Amino acid sequence: MSVILESTSTSATMRRNFWHGVWRVMKRKPSRMVGVVIILGFAFMGIFGPMFYPDILPDNANAITQPPSWEHWFGTDPQGRDVVALVIKGSRYVLLSAAVTAVITVVVGTGLGLFSGFKRGRWDTVLMRVTDMKLTIPGLPLLLVLATVWKFGNPFQMGLVLGLLGWGGVARAVRAQTLSLRERGFIEAARGLGLSTTHIVGKELLPSMAPYIAMNMLIAVTGAVYAQVGLFFLGVLPYESDNWGVMLNLAVFQAGAMIQPYALGYLLAPLLAILLLTLGIVLVVDAMDEIFNPRLREE
């Protein structure tokens, strides 16, 4: 009983020390706190923002392509709709599909990489050949073909396809990390104690790679945002009026934002949203790198 209580107390102390270290790292550079606030702000906007607007924003014939003003901070679009409202409504599709992409990419890539690197032998050969074949498949042409039969009106559909196309690099990187860690002393000790593969992978290897996996998830979010916005901007996917990529497409090719100053806000608003989200993720990844890397952590 005393051993269990001592183990619980030790775990609680380690958690407190960890979160204390996280707070210390975050305070060291205020920009990192800014990154957290930005990400939380986008999460709030994607979840709750569209609730403040009707499902279909009404057109306003008296406010077609208006310049920025106090009433419309980034102006209006060619239908007279507020650009900020369009950005907020479009955030749910973009962020939800990016989150689904990141989860699928990391779960599939990490699972295959861990299993392949730990088992080695025949399993490693087969899984890495599958991964290599996956990496040779060109993503954009495949998406163009899929767009002819799949409309991607649902963010989960978009996230599923992008996630299944993006796990190869993560699997390769995780396998390399696993091959390095499996030769460490604590893994050899676990093997010597006769612990199961599931225990060693889940309790020993996975926690050691958690920071690397978390950073890959954040990076996958930015990659998914760029991919889907680019596809909508190119016009290869059906238009969703409240999608950031469609906003960019309509701003350039319909509103003439490149030559019409009044329409410039329609182009800048989604671009600033994408850049701000990227900035927040970069700042948080910088903090995570120091939190989990002892060589970078200042005493």
Side-chain angles (χ1 to χ4, degrees), residues 35 38-57 59 65-66 68 72-102 139-140 143-144 147 150-163 165-166 218-258 260 262-282:
I38 290 174
I39 292 178
L40 291 177
F42 272 98
F44 181 87
M45 182 173 70
I47 296 171
F48 300 106
M51 297 180 183
F52 295 98
Y53 298 96
D55 291 338
I56 300 177
L57 293 174
D59 297 347
T65 317
Q66 294 292 312
H72 305 289
W73 291 358
F74 283 90
T76 60
D77 73 345
Q79 283 73 48
R81 299 171 299 182
D82 183 66
V83 170
V84 173
L86 289 171
V87 170
I88 293 173
K89 282 185 63 63
S91 64
R92 176 173 292 177
Y93 183 101
V94 173
L95 298 177
L96 184 56
S97 59
V100 172
T101 300
L140 181 58
L143 284 170
L144 294 177
W150 210 355
K151 301 307 180 185
F152 295 103
N154 189 308
F156 291 100
Q157 296 174 352
M158 173 65 76
L160 175 64
V161 173
L162 292 178
L165 289 175
L218 288 175
I219 294 170
V221 169
T222 59
V225 171
Y226 294 153
Q228 62 179 295
V229 168
L231 289 169
F232 279 109
F233 172 72
L234 293 173
V236 299
L237 297 178
Y239 282 178
E240 294 286 341
S241 60
D242 55 1
N243 183 279
W244 293 351
V246 173
M247 290 180 66
L248 292 174
N249 181 288
L250 296 179
V252 172
F253 300 111
Q254 186 182 90
M258 304 300 292
Q260 173 58 265
Y262 283 176
L264 191 58
Y266 190 26
L267 176 66
L268 290 179
L271 283 177
L272 288 176
I274 295 169
L275 291 175
L276 191 60
L277 176 62
T278 302
L279 175 64
I281 290 175
V282 168

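Quick caveat, the model's predicted, so the values are computed rather than measured. Reckoned from all heavy atoms, side chains included, excluding hydrogens, waters and symmetry mates.
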How close do [X] and [Y] get, heavy atom to heavy atom, and via which atoms?
X      : Y      : value
Asp82  : Gly75  : OD1-O, 3.8 Å
Tyr53  : Lys89  : CB-CD, 3.9 Å
Ala263 : Ala257 : O-CB, 3.5 Å
Val221 : Ala102 : CG2-CB, 3.7 Å
Gly265 : Val83  : O-CG1, 3.9 Å

Check whether any side-chain heavy atom of [X] sits under 4.5 Å from a side-chain heavy atom of [Y], and report yes or no.
X      : Y      : answer
Asp59  : Arg81  : yes
Leu277 : Thr222 : no
Phe74  : Leu272 : yes
Leu276 : Phe42  : yes
Thr65  : Asp77  : no

Euclidean distance, [Y] [atom2] relative to [X] [atom1], rounded to 0.5 Å:
X      : Y      : atom1 : atom2 : value
Ser91  : Phe44  : OG    : CZ    : 11.0 Å
Asn249 : Asn243 : CG    : CG    : 10.5 Å
Met51  : Ile88  : CE    : CD1   : 13.5 Å
Phe156 : Thr101 : CZ    : OG1   : 11.0 Å
Leu96  : Met158 : CG    : CE    : 12.0 Å
Trp244 : Leu86  : CH2   : CG    : 12.5 Å

Can you list, pair by pair, the side-chain donor-acceptor contacts under 3.5 Å of residues 224-232, counting residues two or more places apart and other chains?
from, atom 1, to, atom 2, distance (Å)
Tyr226, OH, Thr278, OG1, 2.7
Gln228, OE1, Ser97, OG, 2.8
Gln228, NE2, Val94, O, 3.1
Gln228, NE2, Ser97, OG, 2.7
Gln228, NE2, Ala224, O, 3.4

(request) Run the numbers on Met258 and Leu267 for side-chain contact (heavy atoms from CB on, under 4.5 Å), then give the verdict. (result) CA-CA 8 Å; Met258 304 300 292; Leu267 176 66; 3.8 Å; yes

